[in-house]
There are 2 protein chains.
Amino acid sequence: MTEIEKTLENNGIRPTAMRILIYKFMAKKEVAIALTDIENAFVKAERTTLYRTLKTFEDKGIVHHIDDGTGISKYALCEQGCNCELDQDLHLHFHCSNCDKTVCLTDHKIPHINLPSGYIAEDANLVITGICEKCSGQ
Amino acid sequence: MTEIEKTLENNGIRPTAMRILIYKFMAKKEVAIALTDIENAFVKAERTTLYRTLKTFEDKGIVHHIDDGTGISKYALCEQGCNCELDQDLHLHFHCSNCDKTVCLTDHKIPHINLPSGYIAEDANLVITGICEKCSGQ
DNA sequence: CCAATAAATGCACGTCCATTGCACTCTTAT
DNA sequence: ATAAGAGTGCAATGGACGTGCATTTATTGG
């Protein structure tokens with residue numbers, strides 16, 4: 001049994017061929033990916049399967065869902081020890097307006113915000129848009 | 001000529017009947033509104049007109065566009081002296097998961113974030129999700 | 001005032017993505 | 001081996017955004 005299969009099983013996910021492929025694909029990408037990205041990468045893959053696979057991964061806590069403001073949902077594998085489902089790992093995301101890629105800046109947490117009284121925060125999403133290091137050439 | 005007409009003209013917008021109505025509608029709402037909200041409020045209104053009216057308002061700098069993570073674009077009138085189009089008024093937004101309303105917290109600016117080297121920030125969007133003061137009953 | 005021009009509006013599409021229902025297949029447990 | 005359950009594939013729906021074009025309305029110059 002491979003590492004990936006173990007990871008899936010440890011999180012209560014049956015390691016089917018499709019799921020392992022999708023996991024591998026996400027693991028080798030350093031950027032957040034959209035459903036369509038996977039769909040294009042695997043011509044054989046059915047959109048619905050991908051959709052539900054990502055949903056399963058998300059429910060089981062091994063990927064997190066990213067809204068980068070493009071209107072297209074992106075997904076990324078959680079880091080080791082990521083507690084995003086507990087709202088304790090609210091790192092921010094960077095969306096490059098040039099190459100359209102979105103990356104997790106896992107080292108950069110969202111600063112604490114003092115809300116007006118009566119407001120109860122449950123989740124936070126911070127997206128910085130700009131030019132990524134690859135596109136800026138620095 | 002009313003105040004609203006003056007405001008529109010001062011910003012290079014021809015004050016048509018439709019535009020005045022839309023402006024009034026937004027002014028009396030204290031929350032960010034979606035295109036569909038206006039569409040439902042004015043049965044007579046054509047969606048395209050609303051869409052382009054909001055776009056015009058946005059281009060001329062009297063409303064700002066809000067992405068609250070619901071996937072539905074919201075709009076809100078800019079405050080007096082708002083410089084959102086210059087990225088100098090990056091206040092944050094609060095989205096209530098109970099009543100689904102989104103409000104501008106204009107007094108709460110997005111804190112400065114230190115990005116990794118090579119990354120150039122151009123814009124920022126911070127949305128806090130939770131329970132608003134009306135729904136929390138506090 | 002009227003014609004010519006420009007702006008605004010209305011209508012009809014088309015697209016893209018998220019999401020669901022249903023049937024079929026494969027795996028697992030009895 | 002068979003039944004139950006999970007996973008997958010196919011088809012279809014619906015919501016929201018966006019565009020092209022014709023029509024109407026407003027503005028401007030003669």
Side-chain angles (χ1 to χ4, degrees), chain A residues 1 4-5 7-25 32-60 62-76 95 100 102 125, chain B residues 1-2 4-25 32-60 62-75 95 100 102:
Chain A
M1 187 182 291
I4 292 178
E5 289 178 74
T7 305
L8 294 179
E9 291 222 327
N10 288 342
N11 288 279
I13 303 167
R14 287 224 309 238
T16 66
M18 198 72 240
R19 287 169 175 177
I20 293 170
L21 278 176
I22 294 173
Y23 191 96
K24 270 187 194 160
F25 180 76
I33 57 176
L35 207 144
T36 308
D37 295 334
I38 315 183
E39 199 179 1
N40 293 336
F42 302 90
V43 190
K44 305 290 297 297
E46 182 53 29
R47 187 179 179 78
T48 314
T49 305
L50 299 177
Y51 174 72
R52 288 197 258 238
T53 298
L54 289 174
K55 203 165 167 52
T56 303
F57 283 6
E58 194 186 353
D59 290 345
K60 299 298 185 178
I62 64 170
V63 308
H64 62 272
H65 181 270
I66 302 165
D67 169 26
D68 63 4
T70 59
I72 298 168
S73 292
K74 304 275 171 69
Y75 301 86
H95 176 239
D100 197 40
T102 299
N125 184 35
Chain B
M1 188 181 295
T2 67
I4 292 178
E5 289 178 75
K6 274 187 215 159
T7 305
L8 294 180
E9 291 222 326
N10 287 344
N11 288 279
I13 302 168
R14 286 220 315 234
T16 67
M18 199 72 242
R19 287 170 175 177
I20 294 169
L21 278 176
I22 295 173
Y23 190 96
K24 271 186 194 161
F25 180 76
I33 58 176
L35 206 145
T36 308
D37 295 333
I38 315 183
E39 200 179 358
N40 293 336
F42 302 89
V43 190
K44 305 289 299 295
E46 182 55 27
R47 209 179 54 81
T48 314
T49 305
L50 300 177
Y51 174 71
R52 287 196 258 239
T53 298
L54 289 174
K55 201 164 168 51
T56 302
F57 282 6
E58 194 185 354
D59 290 345
K60 299 297 185 179
I62 64 171
V63 308
H64 61 271
H65 181 271
I66 302 165
D67 169 26
D68 64 3
T70 59
I72 298 167
S73 291
K74 304 276 172 66
Y75 302 86
H95 177 239
D100 197 42
T102 298

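Bear in mind that the values here come from a model prediction, so they are computed numbers and not experimental data. Within every chain, numbering begins at 1; the chains are lettered A, B, ... in the order of the sequence lines, protein sequences first and strands thereafter.
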Quiz prompt | Side-chain N or O of B/T48 closer than 4.0 Å to phosphate OP1/OP2 of C/dG10 | solution = no

Quiz item: What's the CG-P distance between B/L35 and C/dT9, to the nearest Å?
Solution: 14 Å

Quiz item: Atom CD1 of A/I72 to atom P of D/dG18: distance rounded to whole Å?
Solution: 11 Å

Self-check item: Rounded interatomic separation in angstrom, taking CD1 from A/I38 and P from D/dG9
Solution: 13 Å

Quiz item: Taking it one step at a time, do B/H64 and B/Y75 satisfy ring pair (Phe, Tyr, Trp, His ring centres under 6.0 Å)?
Solution: CA-CA 6 Å; B/H64 61 271; B/Y75 302 86; 9.4 Å; no

Exercise. Could you pick out which residue, A/E46 or A/G12, lies toward the 5' side of DNA chain D when each is mapped onto its nearest nucleotide?
Key: A/G12

Exercise. Would you mind reading off the distance between B/L50 atom CG and C/dC11 atom P, rounded to a whole angstrom?
Key: 12 Å

Exercise. Please work out if A/T56 contacts a base, only the sugar-phosphate, or nothing of the nucleic acid, heavy-atom cut-off 4.0 Å.
Key: nothing

Self-check item: Atom-pair distance (CD on B/E58; P on D/dC17), nearest Å
Solution: 12 Å

Quiz item: Could you go step by step and tell me if A/K74 and A/L35 meet the side chain to side chain contact (heavy atoms under 4.5 Å, CB included) rule?
Solution: CA-CA 7 Å; A/K74 304 275 171 69; A/L35 207 144; over 6 Å; no

Quiz item: Who are the salt bridge (charged side-chain N to carboxylate O under 4.0 Å, His left out) partners of A/R14, not counting sequence neighbours?
Solution: none

Quiz item: A/R14 has an atom CZ; how far is it from atom P of C/dC26, in whole Å?
Solution: 13 Å

Quiz item: Can you check the A/M18 CE to C/dT27 P distance for me, whole Å?
Solution: 15 Å

Exercise. Return the nearest nucleotide to the side chain of A/T49; candidates are D/dA6, D/dA26, D/dG9.
Key: D/dG9

Quiz item: Which part of the nucleic acid does A/T16 contact within heavy-atom distance under 4.0 Å: base, sugar-phosphate only, or nothing?
Solution: sugar-phosphate

Quiz item: So B/F57 and B/T53, side chain to side chain contact (heavy atoms under 4.5 Å, CB included) or not? Walk me through it.
Solution: CA-CA 6 Å; B/F57 282 6; B/T53 298; 3.8 Å; yes

Practice problem: Name the nucleic acid region contacted by A/R19, choosing base, sugar-phosphate or nothing; use a 4.0 angstrom heavy-atom cut-off, strictly under. | Solution: sugar-phosphate

Exercise. Determine, step by step, whether B/I22 and B/T49 satisfy the side chain to side chain contact (heavy atoms under 4.5 Å, CB included) criterion, reporting the C-alpha distance in whole Å, the side-chain angles of both residues, the deciding distance to 0.1 Å, and the verdict.
Key: CA-CA 10 Å; B/I22 295 173; B/T49 305; 5.5 Å; no

Quiz item: So what does A/R52 touch, heavy atoms closer than 4.0 Å: a base, only the sugar-phosphate, or nothing?
Solution: base

Quiz prompt | Gap between atoms CD and P, on A/E39 and D/dC10 respectively (whole Å) | solution = 12 Å

Exercise. Establish, with yes or no, whether the OP1 or OP2 oxygen of D/dG18 is under 4.0 angstrom from a side-chain nitrogen or oxygen of B/Y51.
Key: yes

Exercise. State whether A/R47 places a side-chain N or O below 4.0 Å from either non-bridging phosphate oxygen (OP1 or OP2) of C/dA18.
Key: yes

